[in-house]
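Please read the structure below before turning to the comments.
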Amino acid sequence: VISTMLTESKSAHAMALKLLEGKLLNAQGLVRAKHTEWLEATKRMRKAQTELQSVKESAAERTSQLERDLEKARNRAALTINEAKLKVLDLQSRLQRHEEKLRGHILFDDTCNGTYSRFNV
């Protein structure tokens with residue numbers, strides 16, 4: 001009887017051991033799969049970080065270039081405005097000189113023929 005119980009106990013122990021070994025193998029497989037997923041996710045994350053850094057650098061470069069272009073455009077606009085102001089002042093000065101010349105030459109003639117100056121303007 002003890003021998004039978006011992007044999008049954010050994011059999012039950014062996015089956016329990018095989019069951020535990022199967023569970024251990026399943027758990028190891030699951031751990032390997034999860035580890036592989038984690039490694040792949042880490043690779044994707046690093047790649048995304050690299051791409052993000054590249055985009056940030058590109059955006060900073062483009063922003064810097066746009067700021068330089070804007071500053072050049074502002075300087076050109078200021079130069080154009082100053083040139084236009086000088087041109088207006090020159091034209092006003094020329095107009096004033098012409099007005100002064102004409103004031104000296106145009107005289108109202110109240111004779112009956114109605115001429116205005118010796119130049120017959």
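Worth saying up front: this structure is predicted, and the values here are computed from it rather than measured.
- Considering CZ of R44 and CD of E37, their distance stands at 8.5 Å, rounded to 0.5 Å.
- For CD of E61, the number of neighbouring non-hydrogen atoms (other residues, nucleotides, ligands) closer than 6.0 Å is 12 at most.
- Around CE of M45, the count of heavy atoms belonging to other residues, nucleotides or ligands within 6.0 Å exceeds 12.
- The CZ atom of R94 sits 13.0 Å away from atom CG of L89, with the distance rounded to the nearest 0.5 Å.
- Rounding to the nearest 0.5 Å gives a distance of 12.0 Å between OG1 of T63 and CG of L70.
- Rounding to the nearest 0.5 Å gives a distance of 13.0 Å between CZ of R76 and CD1 of I81.
- For Q96, the side-chain contact (heavy atoms from CB on, under 4.5 Å) test picks out E100, with sequence neighbours left out.
- Screening residues 53-93 for ring pair (Phe, Tyr, Trp, His ring centres under 6.0 Å), with sequence neighbours left out, gives no hits.
- Applying the ring-ring contact (aromatic ring centres under 6.0 Å, His included) criterion to H98, with sequence neighbours excluded, gives no partner residue.
- Pairs passing the ring pair (Phe, Tyr, Trp, His ring centres under 6.0 Å) check and including a residue from residues 14-68, sequence neighbours excluded, read H35-W38.
- There is a side-chain donor-acceptor pair under 3.5 Å between R68 and S64.
- Here the CG-CG distance, from D90 to L95, works out to 11.0 Å after rounding to the nearest 0.5 Å.
- Looking at S9, its side chain never comes within 3.5 Å of a backbone N or O of M5 through a donor-acceptor pair.
- Listed by chain and residue number, E57 satisfy the side-chain hydrogen bond (donor to acceptor under 3.5 Å, both in side chains) test with Q53 (two or more places apart in sequence, or in another chain).
- By the side-chain hydrogen bond (donor to acceptor under 3.5 Å, both in side chains) test, S93 pairs with R97, sequence neighbours left out.
- In this structure, CG in L19 is found 11.5 Å from CG in L24, a value given to the nearest 0.5 Å.
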